[in-house]
Amino acid sequence: MRRNIVAGNWKMNKTFEEADELLFNIAEPLQNLDLDKTEVILCPPVLYAEMFTDIAIENNFSVGAQNCSNHSLGAYTGEISAAMLKSMDIEYCLVGHSERRKFFNEDSKMLAEKVDQLLENEISPIFCCGEVLEDRESNNHFDIVGKQIFEGIFHLTAEELDNVVVAYEPVWAIGTGKTASPDQAQEMHAFIRNLIAKKYNQEVADDMTILYGGSCNAKNAKELFALKDVDGGLIGGASLVAEDFLKIVQSF
Ligand code: PEP
């Protein structure tokens with residue numbers, strides 16, 4: 001179902017005490033915001049999940065994980081399964097973030113398996129895609145993003161796809177302070193929606209929530225979220241500053 005979403009990806013930041021303080025500074029004001037039209041998702045380090053899920057409902061947010069295993073259970077030391085996430089009341093999970101693709105060599109096959117694991121456990125994948133700078137400069141960005149989408153989620157039925165959120169994150173914009181221009185963001189979001197329409201149908205495409213990520217902040221969120229095919233944002237750096245994140249949440 002298409003909706004406005006602002007998701008904060010805390011990445012590998014904050015000790016337990018720091019996370020507790022940031023959570024309080026975000027969650028308390030969230031209680032008093034009129035968020036009828038916006039869903040807020042916090043993706044902290046999964047170790048702290050319970051602190052978040054304990055207060056999520058009364059504070060108007062959902063909890064997401066940043067990663068999960070592509071295996072269902074067993075001898076995979078250090079891994080966390082989708083079933084474990086589900087048992088901790090986690091509702092969303094990032095898949096295919098560029099940092100996981102780059103630093104942990106996660107390929108399309110593995111990402112599609114993660115998507116399947118999550119859906120089997122009724123967790124919504126937030127499927128990230130995006131091109132590196134060289135791909136954009138050589139005009140290959142549509143091919144690259146199209147391939148990522150095709151290999152990561154196009155094996156799903158339309159019914160399954162309804163539980164997926166897509167996040168377009170140009171890698172050159174992540175953590176760099178270089179945001180995609182409104183034209184660049186709208187063009188790619190429309191391209192992704194069109195791919196979905198071609199593979200499934202227009203109704204499925206119109207129902208897809210597509211987030212923008214990459215140096216989205218309190219100053220540029222309003223302009224980006226106003227674009228026709230942008231349904232919100234996946235926020236990294238700015239999600240670690242309560243005041244900024246709360247401004248972004250109110251940018252629709
Ligand atoms: C991200 O890592 O998903 C992200 C969008 O980071 P930032 O907002 O810091 O660019």
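Contact record, K11 with I174: NZ-CG2, 3.8 Å, taken as the closest heavy-atom pair. Between Y92 and S62 the shortest heavy-atom distance is CE1-CB, 3.9 Å. Of all non-hydrogen atoms in A65 and I90, the two that sit nearest each other are N-CG2, 3.7 Å. In terms of heavy atoms, C216 sits closest to I248 at O-CD1, 4.1 Å.
In the displayed structure, F154 atom CZ is contacted under 6.0 Å by more than 12 heavy atoms of other residues, nucleotides or ligands. Environment of CD in E50: sparse, with no more than 12 heavy atoms of neighbouring residues, nucleotides or ligands closer than 6.0 Å. Atom CD of E21 sits in a sparse spot, with 12 or fewer heavy atoms from other residues, nucleotides or ligands closer than 6.0 Å.
Side-chain atoms of N217 come within 3.5 Å of backbone N or O of K219 as a donor-acceptor pair. Not a single donor-acceptor pair under 3.5 Å links the side chain of E187 to the backbone N or O of Q184. Listed for the E79 side chain is no donor-acceptor partner under 3.5 Å among the backbone atoms of H71. Under the 3.5 Å distance criterion, the side-chain polar atoms of N140 are left unmatched by any main-chain donor or acceptor of D143. Panel note: side chain T38, backbone N4; no donor-acceptor pair is recorded below 3.5 Å.
Using modelled atom types and a 3.5 Å distance limit, the side chains of D116 and H155 yield a donor-acceptor pair.
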Could you go step by step and tell me if V40 and L30 meet the side-chain contact (heavy atoms from CB on, under 4.5 Å) rule?
CA-CA 9 Å; V40 176; L30 268 185; 4.1 Å; yes

As a quick check of understanding, evaluate side-chain contact (heavy atoms from CB on, under 4.5 Å) for E113 and K109, giving each step before the final call.
CA-CA 6 Å; E113 288 169 358; K109 181 175 167 287; 3.0 Å; yes

side-chain hydrogen bond (donor to acceptor under 3.5 Å, both in side chains) between N220 and T179, intermediate numbers included
CA-CA 8 Å; N220 59 30; T179 318; 3.1 Å; yes

Test side-chain contact (heavy atoms from CB on, under 4.5 Å) applied to Q148 and R101, step by step:
CA-CA 11 Å; Q148 291 171 340; R101 290 179 193 261; 3.8 Å; yes

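Taking the six-membered ring for Trp, F52 and W10 have ring centres closer than 6.0 Å. Between F225 and Y212, the ring center distance fails the sub-6.0 Å criterion.
Summarising the geometry, atom CE belonging to M188 is positioned 6.5 Å from atom CZ belonging to F191; distances are rounded to the nearest 0.5 Å. With rounding to the nearest 0.5 Å, the separation of OG1 in T15 from CG in D20 is 9.5 Å. From S98, atom OG reaches atom CD of E106 across 11.0 Å, with rounding to the nearest 0.5 Å. Taking CD of E203 as the start and CE of M208 as the end, the distance is 13.0 Å to the nearest 0.5 Å. Note that CG of N9 and CD1 of I41 are 11.5 Å apart. Values are rounded to the nearest 0.5 Å. With rounding to the nearest 0.5 angstrom, the CD1 atom of I196 is 7.0 Å from the CZ atom of R193.
Residue pairs meeting the side-chain hydrogen bond (donor to acceptor under 3.5 Å, both in side chains) criterion with at least one partner in residues 238-252, sequence neighbours excluded, are absent.
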Show me the side-chain donor-acceptor pairs of residues 119-133 shorter than 3.5 Å, one per line, residues at least two apart or across chains.
residue	atom	partner	partner atom	Å
N121	ND2	Q117	O	2.8
S124	OG	N163	O	3.0
E131	OE1	Y168	OH	2.8
E131	OE2	R136	NE	2.7
E131	OE2	R136	NH2	3.3
E131	OE2	Y168	OH	3.0
E131	OE2	W172	NE1	2.8

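P44 places none of its side-chain heavy atoms less than 4.5 Å from the side chain of L23.
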